[in-house]
Amino acid sequence: MNPADSAASPLHVLNEVFGYTAFRGMQGDIVEHVTAGGDALVLMPTGGGKSLCYQVPAIVRHRTGRGVAVVVSPLIALMHDQVGALEEAGVHAAFLNSTLTSDETQNVERELRSGRLVMLYAAPERLLTPRFLAMLDSLNERGLLSLFAIDEAHCVSQWGHDFRAEYLGLSQLHERFPAVPRVALTATADDITRADIVQRLALDDARIFVASFDRPNIRYTIVEKDNPRAQLLRLVRDEHEGEAGIVYCGTRKKVEETAVWLADEGITALPYHAGLDASVRQKHQDRFLREDAIVMVATIAFGMGIDKPDVRFVAHLDLPKNIESYYQETGRAGRDGEPAEAWMTYGLADVVNQRRMIDESPAGEEFKQVQRGKLEALLALAESHDCRRVRLLSYFGETYAATADPGRSVRGEPPWAAATEGSVGVRCGNCDNCLNPPDTWDATEAARKALSCIYRFSQHGGGFGPTRFGAGQLIDVLRGKRTDKVAQYGHDKLSTFGIGADLSDAQWRGVLRQLVALGHVATEGEYNTLGLMPSSRAVLKGEVPIVLRMPREATRGVRKRAVRGGDGKVPAAAADLDAEAQQRFAALKAWRGEVAREHNLPAYVVFHDATLAEMARRMPADLAELGEISGVGARKLEAYGTEILGVLGR
Ligand code: ADP
Ligand code: ZN
């Protein structure tokens, strides 16, 4: 092989440009296939490393004289940073969208025509203008159109969660440029959506790559709600001090209140929701991306296309709609592959609210039934006492493959593409239930007691149907508390008064939550009054076994047996550095902050935390040693190497 060949080999490009030593999981196969001119559909979870699947082929093909790769993306807000990251790595890239002035646009077009450009990012509406298509025609005639990458490809499908009409026009690409290879990528697509993407983008000859959806570096923790603010504060302050995170809330009001409260507690927290001014939203998003350790308190309006790699935790203060949403939202944690945490707190009120939202929505009964089924699956995940990861993946039709050493995948090569049969009883070793298996108790008898008490609440001396009483009254009566309200309604005379004194408040709430979740108890009206359902009969008869998690007294997520560290703290990139290395790490971060500000880019575009931590740990003696560190490509070594050695005192 002559040197020119090797400079254009995918592995060489990975190493030289991005500073990485090896492809992850399926990346290598995808890159090879696309580089050779094949079409591909790539399904990979968020953080799986989709970008390299088209960036490396684009660079290789450019180096072999095939011209520019066009990257289609709906996320205009991100193009600036994506292009900035490529330019930092020494790859000539540009974007075309509505934020450019006409001068800037002309510059980009000139670079495009010249054939110098390696990658061009464009939104679909821009790409499909007659003017732009004509430019592509002329490039194509000169053999300088190397590749189309269609990011967020699920946007083409009406079945997907984020349909964009502009994406439909992308089928033209195949008709107009049949010889130009295309790679479509997405993190979310069930079977119907997948088939739809293939059909609408005319990807019939494409090879389909489906990576495992496991995110081994994310630790899942779900706790019962018990003073959620205190629980959240513990998470943010004790486990993730000085780290970036997202806190999802169900309403705008709660977003505002939580952000103010966190700020009062001394945490740099910002609100984000669709009700804020566009300029405020933009400002908060920019700060989140560019500064260290911002906690974004947000509705689900925040997050789509946020590719900040070092989000260390995603917290849910309210229940998401279903497992799909939960997985997508939590997937924004730890894209860099470093340990990250997905934490959720939920309680009876969440269950009641979500059910009510479905019941009161204007949708048809059939649709509501599907929504209820999805909610139940999420609740089953929340209440489960076995491995959360096994459940999550099986929901997406995947069998979790246990690794010989469960902690291994946290830092090393994750088993992205692996799958074996039989995950019953398999434990991932990186979720709350695996790390700290909960005790369970048989709540069948307790459920019968609760239902029979609700039966007696009914106005006409017992019966099915609605009552005028809610959870508080029920639990007081069961536990035999003679409150004013209990006495007022003569509930202390009921045969069920005090029959549940042996269980705690928290246990009763758990029983009720489960009964509501499973649809055995209805909650109605402003006061969430309780009522029996037809299906309550079977539970009353003891025909439905109910096994519950024992509520934890200390509701802090996981205390013991962390994968690394042993103190329950999720280890971040720099956690295992000694004191001196920590100082070097801090100095490097300060230096990086200045560079990022100068270049108007987020800090992680300059170097990831993990790369800086490795520099602080290894103390490279010279440029050659520095260049060996993962994430240090040739261009960055040249641009920053001497400065970095200076910061390290070399
Ligand atoms: P996705 O688009 O699938 O969410 P990205 O392409 O943003 O994921 O990649 C996630 C992170 O993983 C990025 O920070 C990227 O630099 C890193 N990464 C991707 N591939 C590799 C690799 N082969 N070696 C090391 N890091 C990688
Ligand atoms: Zn587990």
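Residues Met119 and Val91 form a side-chain contact, since some pair of their non-hydrogen atoms from C-beta on lies under 4.5 Å apart. With a 4.5 Å cut-off on side-chain heavy atoms, Pro124 and Arg164 do not count as touching. No side-chain heavy atom of Trp343 sits under 4.5 Å from any side-chain heavy atom of Val314. In this structure, the side chains of Val31 and Pro57 come closer than 4.5 Å at one or more pairs of heavy atoms. In this structure the side chain of Phe209 never reaches within 4.5 angstrom of the side chain of Val34, judged on heavy atoms. At a threshold of 4.5 Å between non-hydrogen side-chain atoms, the residues Leu127 and Leu173 count as touching. Taking the side chain as every heavy atom from C-beta outward, Leu170 and Leu168 never approach each other to under 4.5 Å. At a threshold of 4.5 Å between non-hydrogen side-chain atoms, the residues Leu120 and Leu112 count as touching.
For the residue pair His273 / Thr299, no side-chain donor-acceptor distance below 3.5 Å is found, with atom types taken as modelled. Ser325 and Asn322 are linked by a side-chain donor-acceptor pair at a separation below 3.5 angstrom, with hydrogens and angles left out of the test. Between the side chains of Arg24 and Gln27, no donor-acceptor pair of N or O atoms lies under 3.5 Å. Looking at Asp432 and Thr221, their side chains never bring a donor and an acceptor atom within 3.5 Å of each other. No side-chain N or O of Glu125 forms a donor-acceptor pair with one of Tyr167 less than 3.5 Å apart.
Between Tyr327 and Tyr220, the angle of the ring planes stays under 30°, which puts this pair in the parallel group of the 30/60° scheme. Ring geometry, Tyr121 versus Tyr54: the interplanar angle exceeds 60°, so the pair is classed perpendicular (tilted spans 30 to 60°).
Listed for the Asn15 side chain is a donor-acceptor partner under 3.5 Å among the backbone atoms of Tyr20. No donor-acceptor pair under 3.5 Å is formed between the side chain of Asp151 and the backbone N or O of Ala184. The closest donor-acceptor contact from the side chain of Glu104 to the backbone of Thr101 lies under 3.5 Å. Formation of a donor-acceptor pair under 3.5 Å by the Thr64 side chain with backbone atoms of Val60 is found in this model. Using a distance-only test at 3.5 Å, with no hydrogens or angles considered, no donor-acceptor pair links the side chain of Arg332 to the main chain of Val311. In terms of modelled atom types and a separation under 3.5 Å, the side chain of Arg113 and the main chain of Val108 share no donor-acceptor contact. Remark: side-chain polar atoms of Lys321 are not paired, donor with acceptor, to backbone N or O of Leu375 under 3.5 angstrom. A donor-acceptor pair is defined here as one N or O able to donate and one able to accept, closer than 3.5 Å; no such pair exists between the side chain of Glu243 and the backbone of Phe313. Side-chain atoms of Arg635 never come within 3.5 Å of backbone atoms of Glu16 as a donor-acceptor pair (strictly under, hydrogens ignored). Of the possible donor and acceptor atoms, one in the side chain of Arg182 sits under 3.5 Å from a partner among the backbone N and O of Ala202.
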Stepwise salt bridge (Lys or Arg N to Asp or Glu O under 4.0 Å) test for Arg207 and Asp39: CA-CA 6 Å; Arg207 215 173 120 186; Asp39 291 344; over 6 Å; no
Asp386/Arg427 under salt bridge (Lys or Arg N to Asp or Glu O under 4.0 Å): CA gap, chis, key distance, verdict: CA-CA 8 Å; Asp386 47 13; Arg427 294 193 166 273; over 6 Å; no
Steps toward salt bridge (Lys or Arg N to Asp or Glu O under 4.0 Å) verdict (Glu324, Lys374): CA-CA 9 Å; Glu324 286 91 336; Lys374 290 193 169 203; 2.9 Å; yes
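Heavy atoms only, all atoms of each residue included: Gln354 and Pro320 are closest at NE2-O, 3.4 Å.
One finds no salt bridge joining Arg312 and Glu338 here, because no Lys/Arg side-chain nitrogen approaches an Asp/Glu carboxylate oxygen to under 4.0 Å. Salt bridge present: Arg131 and Glu109 bring a charged side-chain N and a carboxylate O closer than 4.0 Å. Ionic pairing of Arg592 and Asp609 is present here: one or more N-O contacts between side-chain nitrogen and carboxylate oxygen are shorter than 4.0 angstrom. Between Arg335 and Asp307 no salt bridge is recorded (no basic side-chain N to carboxylate O distance below 4.0 Å). A salt bridge links Arg116 with Glu111: at least one charged nitrogen is closer than 4.0 Å to a carboxylate oxygen.
Between His284 and Phe302, the distance from one ring center to the other does not fall under 6.0 angstrom.
The residue from Glu398, Arg388, Arg215 that alone fulfils the side-chain contact (heavy atoms from CB on, under 4.5 Å) condition with Leu393 is Glu398.
Remark: Lys308 is not positioned above the aromatic ring of Tyr604, lacking an NZ or CZ atom under 6.0 angstrom from the ring centre and at most 45 degrees off the axis.
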